[in-house]
Amino acid sequence: MPPERLLEAMTINYWLMKSEPTTFSIDDLANQPDQTTCWEGVRNYQARNLLRDEIQVGDRVLFYHSACKVPAVMGTAVVSRSGYADHFQFDPKSNYYDAKSDPENPRWYMVDITLESEFERPVTLAELRERAGLKGMVLLQKGSRLSVQPVKKKEFDTIVKLASKPA
DNA sequence: GCCAACGTTGGC
DNA sequence: GCCAACGTTGGC
């Protein structure tokens with residue numbers, strides 16, 4: 001392995017993934033076999049590139065509830081399988097079907113994630129906005145809609161720490 | 001390649 | 001339910 005690949009293999013990266021709890025909540029993840037699920041249905045090229053090229057086994061994930069009453073980070077997960085073709089794109093009955101995707105050259109990718117911890121309490125979006133140290137988070141940028149996005153280690157650690165303290 | 005129209009996301 | 005912001009589509 002060339003040295004830069006070796007370094008990559010040793011480096012853990014951090015991500016945030018959004019899910020609408022009415023579709024798939026952190027409790028749903030907790031109830032999956034092995035508390036593991038494939039992260040299907042991402043249909044945005046920027047997020048696709050992350051799923052296909054960047055996100056590696058062992059990377060850690062903030063599980064975020066979006067489009068709900070109290071948007072919040074709910075817990076953490078670990079990437080348990082790196083990018084592979086999202087088979088729902090080839091299923092005409094799926095909401096995620098994409099007639100223009102070529103099976104020889106799949107357009108959409110997914111990873112598997114496994115629950116790591118459910119926070120004792122949600123760390124709300126409002127709370128994240130109050131922390132000066134989190135100002136740079138992709139999630140907090142105006143108009144930011146990426147459903148899979150990079151997070152800095154410092155940001156990840158700050159949020160995990162917040163979750164262990166009373167609101 | 002431009003850009004208007006449309007659809008979606010997601011906080012509020 | 002509203003609406004701002006964004007991404008995609010498709011005519012030209």
Side-chain angles (χ1 to χ4, degrees), chain A residues 13-32 37-55 59-77 79 83-113 115-152 154-156 158-163 165-167:
Chain A
N13 289 306
Y14 298 83
W15 312 97
L16 179 145
M17 296 188 185
K18 296 180 188 173
S19 187
E20 301 189 13
T22 50
T23 303
F24 191 83
S25 70
I26 194 159
D27 287 331
D28 292 327
L29 178 58
N31 288 325
Q32 295 296 305
T37 187
C38 58
W39 203 254
E40 80 277 13
V42 174
R43 296 294 180 267
N44 166 283
Y45 287 101
Q46 211 179 330
R48 185 281 309 269
N49 293 345
L50 297 177
L51 291 169
R52 187 188 58 188
D53 306 329
E54 305 293 335
I55 301 178
D59 285 358
R60 299 176 72 195
V61 175
L62 295 171
F63 194 108
Y64 178 82
H65 280 179
S66 69
C68 56
K69 203 159 186 186
V70 184
V73 180
M74 302 302 292
T76 65
V79 176
Y84 60 108
D86 176 344
H87 58 269
F88 291 91
Q89 71 195 299
F90 305 123
D91 176 3
K93 293 192 294 284
S94 169
N95 281 340
Y96 302 128
Y97 180 59
D98 183 349
K100 290 188 217 152
S101 183
D102 172 9
E104 296 297 303
N105 183 24
R107 183 179 288 187
W108 305 115
Y109 280 72
M110 61 188 179
V111 300
D112 289 355
I113 65 168
L115 183 66
E116 181 178 43
S117 73
E118 239 179 300
F119 288 165
E120 286 174 38
R121 65 177 189 87
V123 178
T124 67
L125 177 62
E127 205 177 339
L128 298 181
R129 289 199 193 285
E130 285 168 9
R131 302 285 299 195
L134 298 178
K135 279 238 157 39
M137 279 191 78
V138 175
L139 182 74
L140 304 184
Q141 304 316 302
K142 183 174 171 140
S144 166
R145 307 192 321 192
L146 254 196
S147 66
V148 176
Q149 54 180 254
V151 169
K152 294 196 179 69
K154 215 169 195 173
E155 296 164 346
F156 186 97
T158 298
I159 291 169
V160 168
K161 207 165 183 182
L162 275 176
K165 295 178 186 164

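Everything numeric here is computed off the predicted structure, so don't read it as measured data. Lettering follows sequence order; numbering is per chain, from 1.
In this structure, A:Phe63 and A:Phe24 have tilted ring planes: the angle between them lies in the 30° to 60° band.
Screening residues 63-76 of chain A for side-chain hydrogen bond (donor to acceptor under 3.5 Å, both in side chains) gives A:Thr76-A:Glu116, A:Thr76-A:Ser117 as the qualifying pairs, with residues at least two apart or on separate chains.
Side-chain polar atoms of A:Tyr84 and A:Asp112 form a donor-acceptor pair below 3.5 angstrom.
When all heavy atoms are compared, the tightest approach of A:Leu162 to A:Arg131 is CD2-NH1, 3.8 Å.
Residues meeting the ring-ring contact (aromatic ring centres under 6.0 Å, His included) test with A:Phe119, sequence neighbours left out: none.
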*Annotated protein contacts, base or backbone, on nucleotides 6-12 of chain B with a non-hydrogen cut-off under 4.0 Å, one of B, S, - each*: -BBBSSS
